[in-house]
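See structure below.
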Amino acid sequence: MAAAGTTVQPRTRRRRTEKPTWELVYKRNSIERLKREKFPLDIVDELPQLIAMGYEAVPEEDIVRLNWWGLTHDKPKLGTFMVRIKVSGGLIQPAQLREVGRISQQFGRNYGELTTRQGLQLHWARLDQLPEVIAAIQATGLTTVGGEGDTVRNITGCPVAGISRDEPFDVTPVIAQVADYFYGNREYSNLPRKHKYTIAACPGQCNAPEISDVALIGVVKDGRDGFALSVGGGLSNIPRLARDLGVFVPVDETIEVLRAVTDAWQSDPKYRVSRAKARIKFMMDDHGPEGVRAKVEERLGRRLEDHTAPEPIDGVDHLGVHPQRQTDRIYAGFSVPMGWLTGDQMIGIADVVEPFGGDIRLTRQQDLIVGNVPVSQMGGFLEGMKALGMPITRNRVYGNSIACTSHKFCNYSVAETKGKLKDILGVLEQRFGTAIEDLKLYVDGCPHACAHHWIGDIGLQGTTTKDPLSGKRIEAYDVTLRGGLGRAAAIGTPLLRRVPTDDITDVIVRLLDGWLADRAERNGSGDGFTFRDFCDGRSDDDLRAIASGQAVTGVVDGETSDRVIVRVPGTLIELSDGADEVALDVATVGAALDQLALLHPQLTAYLVSAPGQINPAVNLYVGEDDIRGLGGFDAPLEPGDELSILPALAGG
């Protein structure tokens with residue numbers, strides 16, 4: 001039986017020996033050159049000139065620099081932008097949410113999304129509207145600075161910090177101090193890649209420290225409040241779980257230690273040569289927890305105290321009604337299907353919550369919590385929320401499941417996510433009711449894993465396949481099982497590939513039928529026997545057999561392991577006849593490009609600018625390694641390798 005692993009391990013390759021110098025960084029990395037030529041945060045001062053020249057005339061480099069202000073192309077690239085608003089720790093006041101709702105109404109077609117980093121996203125803002133949008137957001141006390149780009153991203157935490165009965169101490173002031181220091185700080189706005197902090201004292205560790213670049217986990221040592229420290233989590237193509245450094249960080253040393261961790265990483269040019277190997281998880285790969293700890297302590301100039309990170313209490317999601325530590329107050333967690341929130345709803349929620357002095361707390365599961373509700377007003381409050389489309393009784397599977405922003409807006413996504421999740425959950429709720437309320441179904445549109453498909457009970461990653469009848473390219477999903485966080489944290493196991501969109505719901509239903517039948521057979525009510533337990537107790541072949549049926553035309557993972565897979569990003573699939581991956585029988589990168597020229601000549605014509613030369617607008621990677629460090633066109637390929645194409649100016 002294949003057990004779930006903690007990481008997906010890359011193959012060991014023979015690389016060219018090249019010292020990672022700054023000269024090599026600027027030669028290889030287009031984003032590093034872009035940042036050196038013009039500091040991205042300064043682009044906001046040039047907005048009047050960019051607006052005057054018109055969207056289509058704005059250089060792509062300046063569009064990328066706008067990422068540093070939380071702004072990126074909506075799809076298709078016709079002149080509108082996504083606007084990402086940072087909400088530190090997810091805590092937002094009614095007046096702030098009301099104004100974001102008004103901004104959504106005025107500039108974003110009354111649409112909004114809750115994010116997996118406890119923030120808010122708007123869409124459809126035109127280039128000429130951006131100065132007004134940014135100013136309106138800043139006037140609320142919120143910011144978009146560092147919402148994207150090579151920055152410290154929105155700092156996450158437990159959404160019920162300060163009101164939970166179970167936390168050892170309140171980290172809200174710490175999150176505020178860290179945000180004040182790092183947001184917009186130029187010293188930390190030219191990092192090798194995006195950098196994600198999470199800070200919480202939640203016993204359930206609901207903030208997912210396992211998948212954060214840097215996680216501070218609240219502990220009390222000898223009567224002193226402080227944190228355990230883990231480093232190196234992150235998902236995307238090569239997922240990793242963070243590892244405990246075995247240290248204690250007193251609260252008053254938080255910023256100093258965060259600086260030391262981040263500086264140890266950002267000062268090393270090795271992690272700037274390739275965007276694919278720039279995240280701090282690769283420093284952890286290279287040095288391990290003891291080595292990373294040594295680097296941090298070298299920066300600090302002293303040893304840190306020893307302390308082991310605590311294990312989490314499983315099953316904490318904060319949905320439903322709970323008593324607070326404050327007398328006669330409760331908080332209420334509401335499932336927000338697909339993370340969709342209209343501007344009208346934002347304003348309505350603010351109007352319901354503000355009169356009794358409550359606040360709103362956004363969660364990484366794309367839900368929201370209202371805190372500081374007087375017990376005496378709970379009935380009227382819940383009725384008010386229900387009238388806004390937020391019933392407290394909604395099946396929790398909607399609150400436990402998440403989806404990325406989807407190919408409606410994202411240029412990398414190749415399959416529907418939010419709409420697909422809505423359809424799947426509708427079927428599951430009707431068939432299974434509350435029996436599946438704790439299921440975590442995570443749906444991504446591409447390998448970037450913004451919706452964390454690697455750690456869901458069931459993870460779906462969008463892809464494409466050919467319809468066996470029409471031969472046309474259609475949407476499909478790869479299926480991953482056995483993922484999870486908490487005490488049994490693990491990166492999931494990919495088990496099914498390219499299941500057509502019309503068949504994926506049936507696949508999920510069969511898996512859940514198998515689980516619930518097994519649960520009932522084991523102990524009647526089946527309490528405590530989770531879907532993850534079911535998957536861990538079955539072999540890969542067993543699970544494939546349960547999932548499969550006559551209607552399913554998806555192939556199992558093993559059927560392509562003897563070929564090289566070329567991954568095509570959503571931005572280029574028009575050149576590959578809609579295919580996001582192409583299987584080839586080749587032994588080198590050059591041979592792969594030759595075969596691609598026969599299958600998809602438009603794609604190859606774009607990729608190869610001259611004989612033996614790749615178009616500077618793209619980079620090619622074998623796994624996580626740039627082909628330029630593997631021998632270029634002569635770089636060897638083995639069956640099962642993935643040759644990935646990425647835009648050189650991809651700023652994520």
Side-chain angles (χ1 to χ4, degrees), residues 2-10 115-117 156 193-194 196 198 205-213 215 230 232-243 276-277 279-282 284-285 312 314 364-366 400-406 410 412-415 417 420-421 424 439-463 476-499 504 507-508 511 530-532 535-536 540 543 547 557 565 567 580-581 623-624 642 644 652:
T6 57
T7 62
V8 173
Q9 294 293 346
T115 78
T116 55
R117 290 203 64 77
T156 65
R193 279 289 305 277
K194 57 188 172 185
K196 299 177 179 180
T198 191
Q205 298 181 19
C206 68
N207 55 315
E210 301 95 331
I211 58 171
S212 296
D213 291 298
S230 62
L235 298 177
S236 194
N237 296 47
I238 306 294
R240 300 284 191 274
L241 297 182
R243 302 175 71 181
K277 298 194 72 174
R279 296 284 295 275
I280 200 171
K281 63 186 177 182
F282 295 106
M284 179 60 75
D285 283 355
D314 285 339
R364 71 168 188 85
Q365 295 93 342
Q366 301 174 332
N400 284 315
S401 299
I402 57 179
C404 70
T405 197
S406 198
C410 178
Y412 292 100
S413 178
V414 297
T417 58
K420 192 63 183 179
L421 179 61
I424 293 172
L439 184 76
K440 296 173 177 59
L441 175 58
Y442 295 167
V443 187
D444 276 307
C446 80
H448 291 171
C450 298
H452 308 162
H453 70 271
W454 287 112
I455 56 164
D457 289 323
I458 300 175
L460 305 182
Q461 179 192 306
T463 182
Y477 299 89
D478 293 343
V479 181
T480 297
L481 302 176
R482 302 199 192 96
L485 299 177
R487 289 176 178 263
I491 300 301
T493 306
L495 286 179
L496 293 171
R497 290 174 56 82
R498 300 193 299 280
V499 178
I504 193 63
V507 164
I508 295 171
L511 286 167
T530 66
F531 181 76
R532 169 70 181 278
C535 292
D536 283 348
D540 291 358
L543 292 171
D557 188 57
I565 301 298
R567 288 203 172 272
D580 69 311
E581 58 178 59
E624 61 201 32
E642 291 190 356
S644 299

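Quantities reported herein were computed from a predicted structural model and do not represent experimental measurements.
Residues Leu460 and Leu441 are in side-chain contact: their nearest non-hydrogen atoms beyond the backbone lie under 4.5 Å apart. Between Arg193 and Asp213, every side-chain heavy-atom pair lies at or beyond the 4.5 Å cut-off. No side-chain heavy atom of Leu496 sits under 4.5 Å from any side-chain heavy atom of Tyr477. Residues Tyr442 and Thr480 fail the side-chain proximity criterion, which asks for heavy atoms closer than 4.5 Å. Contact annotation: the side chain of Thr463 never approaches that of Arg497 to less than 4.5 Å [non-hydrogen atoms, C-beta and beyond]. Using a 4.5 Å heavy-atom threshold, the side chains of Asp478 and Pro494 count as separate. Using a 4.5 Å cut-off on side-chain heavy atoms (C-beta onward), Pro447 and Trp454 make no contact. In this structure the side chain of Leu543 reaches within 4.5 angstrom of the side chain of Cys535, judged on heavy atoms.
In terms of modelled atom types and a separation under 3.5 Å, the side chain of Arg532 and the main chain of Ala488 share a donor-acceptor contact. Judged purely by atom type and a 3.5 angstrom limit, Thr417 uses its side chain to pair as donor or acceptor with the backbone of Cys404. When atom types are taken as modelled, the side chain of Arg240 and the backbone of Gly232 share no donor-acceptor pair closer than 3.5 angstrom. Remark: the backbone N or O of Ile211 is not paired with any side-chain donor or acceptor of Lys281 at under 3.5 angstrom. Using a distance-only test at 3.5 Å, with no hydrogens or angles considered, a donor-acceptor pair links the side chain of Glu210 to the main chain of Gly486. Judged by distance alone, with hydrogens and angles left aside, the side-chain atoms of Lys440 form no donor-acceptor pair with the main-chain N or O of Ile455 at under 3.5 Å.
Remark: Asp536 CG to Thr530 OG1 distance equals 7.5 Å, nearest 0.5 Å. Here the NZ-OG1 distance, from Lys196 to Thr156, works out to 9.5 Å after rounding to the nearest 0.5 Å. Between atom NZ of residue Lys277 and atom CD1 of residue Ile238 there is a gap of 9.5 Å, rounded to the nearest 0.5 Å. The CD1 atom of Ile280 sits 14.5 Å away from the NZ atom of Lys194 when rounded to the nearest 0.5 Å.
Shortest non-hydrogen contact noted between Ala451 and Ala403 is CB-C, 3.7 Å. Nearest heavy-atom pair across Ser406 and Ala415 is OG-O, 4.2 Å. Here the shortest heavy-atom pairing between Pro209 and Ser230 reads O-OG, 4.2 Å.
Not counting sequence neighbours, the partners of Gln366 by the side chain to side chain contact (heavy atoms under 4.5 Å, CB included) test are Leu114, Thr116, Ile402, Lys418. The side chain to side chain donor-acceptor pair (under 3.5 Å) search around Arg567 returns Glu581, Glu642, not counting sequence neighbours. Residues passing the salt bridge (charged side-chain N to carboxylate O under 4.0 Å, His left out) test with Asp457: none are found, sequence neighbours excluded. Evaluation of the side chain to side chain contact (heavy atoms under 4.5 Å, CB included) rule for Thr115 yields Arg117, Gln121 as partners, not counting sequence neighbours. Under the rule for a salt bridge (charged side-chain N to carboxylate O under 4.0 Å, His left out), Arg364 has no partner lying at least two apart in sequence or in another chain.
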- Query: Does the side chain to side chain contact (heavy atoms under 4.5 Å, CB included) test come out yes or no for Asp540 and Arg482, once each step is laid out?
  - Reply: CA-CA 10 Å; Asp540 291 358; Arg482 302 199 192 96; 2.9 Å; yes

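Exactly one residue among Val479, Ile424, Val499 makes a side-chain contact (heavy atoms from CB on, under 4.5 Å) with Ile508. That residue is Ile424.
For the side chain to side chain donor-acceptor pair (under 3.5 Å) condition, the pairs that include at least one residue of residues 443-453, sequence neighbours left out, are Asp444-His453, His453-Gln461.
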